[in-house]
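Because the structure is predicted, anything quoted here is derived from the model rather than measured.
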Amino acid sequence: REDLVELLADAAEDLEEKDGSEAQRRALRQCLDTLPEKSRRLLATAYAGDRTLREVAAEAGQSATAFYKTLDRLRKKLRACIEQRLAVQG
């Protein structure tokens, strides 16, 4: 789980300023804990970087399009959860 948090947090930090990154990491950890195990494994595999997303999709028995849509839904769910947690922490 920690490896997944690090992968996703590093990706998020590349896109955003460093201010508040510890709060974002904490929120990300909490939000990841709310996801089903299958979703966490899918994210970990997708962000591991050792295979292309097309390869991961094929291994999961999904078309690349379906896999991208699944990842997109998971990212949106995580983003909404993180934003909600950060807003509450204010």
Side-chain angles (χ1 to χ4, degrees):
R1 186 176 73 82
E2 285 300 313
D3 290 340
L4 177 58
V5 169
E6 291 301 316
L7 284 169
L8 292 173
D10 289 346
E13 284 180 4
D14 288 344
L15 300 175
E16 297 179 12
E17 293 181 29
K18 301 292 183 189
D19 295 338
S21 63
E22 183 54 39
Q24 289 172 341
R25 282 178 186 260
R26 188 170 40 255
L28 175 59
R29 283 186 194 99
Q30 293 167 345
C31 292
L32 283 169
D33 285 342
T34 68
L35 294 177
E37 178 63 28
K38 181 179 178 180
S39 296
R40 287 194 302 266
R41 279 195 313 265
L42 185 142
L43 286 166
T45 303
Y47 283 94
D50 58 341
R51 292 175 293 204
T52 68
L53 290 181
R54 286 186 188 277
E55 291 170 336
V56 175
E59 290 173 16
Q62 290 185 312
S63 70
T65 301
F67 190 74
Y68 288 124
K69 286 182 182 181
T70 300
L71 280 179
D72 187 54
R73 282 192 297 273
L74 286 171
R75 284 190 296 254
K76 286 178 180 175
K77 186 174 183 175
L78 282 173
R79 181 180 308 242
C81 178
I82 290 167
E83 288 173 355
Q84 181 181 15
R85 289 180 185 275
L86 292 175
V88 168
Q89 293 173 6

Nearest 0.5 angstrom please: Arg26 CZ to Ile82 CD1, how far?
12.5 Å

Should Arg73 and Lys69 be marked as a side-chain contact (heavy atoms from CB on, under 4.5 Å) after you check the CA-CA gap, both sets of side-chain angles, and the distance that decides it?
CA-CA 6 Å; Arg73 282 192 297 273; Lys69 286 182 182 181; 3.9 Å; yes

Taking all non-hydrogen atoms of both residues into account, name the closest pair between Ala57 and Ala64 and its distance.
CB-CA, 4.0 Å

To the nearest 0.5 Å, what is the distance between CZ (Phe67) and OG1 (Thr45)?
7.0 Å

Could you tell me the separation between the CZ atom of Arg75 and the OH atom of Tyr68, rounded to the nearest 0.5 Å?
9.5 Å

If you define the side chain from C-beta out and look only at heavy atoms, does anything of Val56 sit under 4.5 Å from Leu42?
no

Gap between atom CG of Leu28 and atom CZ of Arg85 - 0.5 Å precision:
10.5 Å

In Å, rounded to the nearest 0.5 Å, how long is the span from CG of Leu74 to NZ of Lys38?
10.5 Å

Restricting to pairs with a member in residues 52-64, which pass side-chain hydrogen bond (donor to acceptor under 3.5 Å, both in side chains), not counting sequence neighbours?
Arg51-Glu59

State whether the side chain of Ser39 and the backbone N or O of Leu35 hold a donor-acceptor pair below 3.5 Å, judged by distance alone.
no

Would you call Lys76 and Asp72 a salt bridge, taking side-chain N to carboxylate O under 4.0 Å as the test?
yes

Output for pair (Arg79 CZ, Gln84 CD), nearest 0.5 Å, gives 15.0 Å

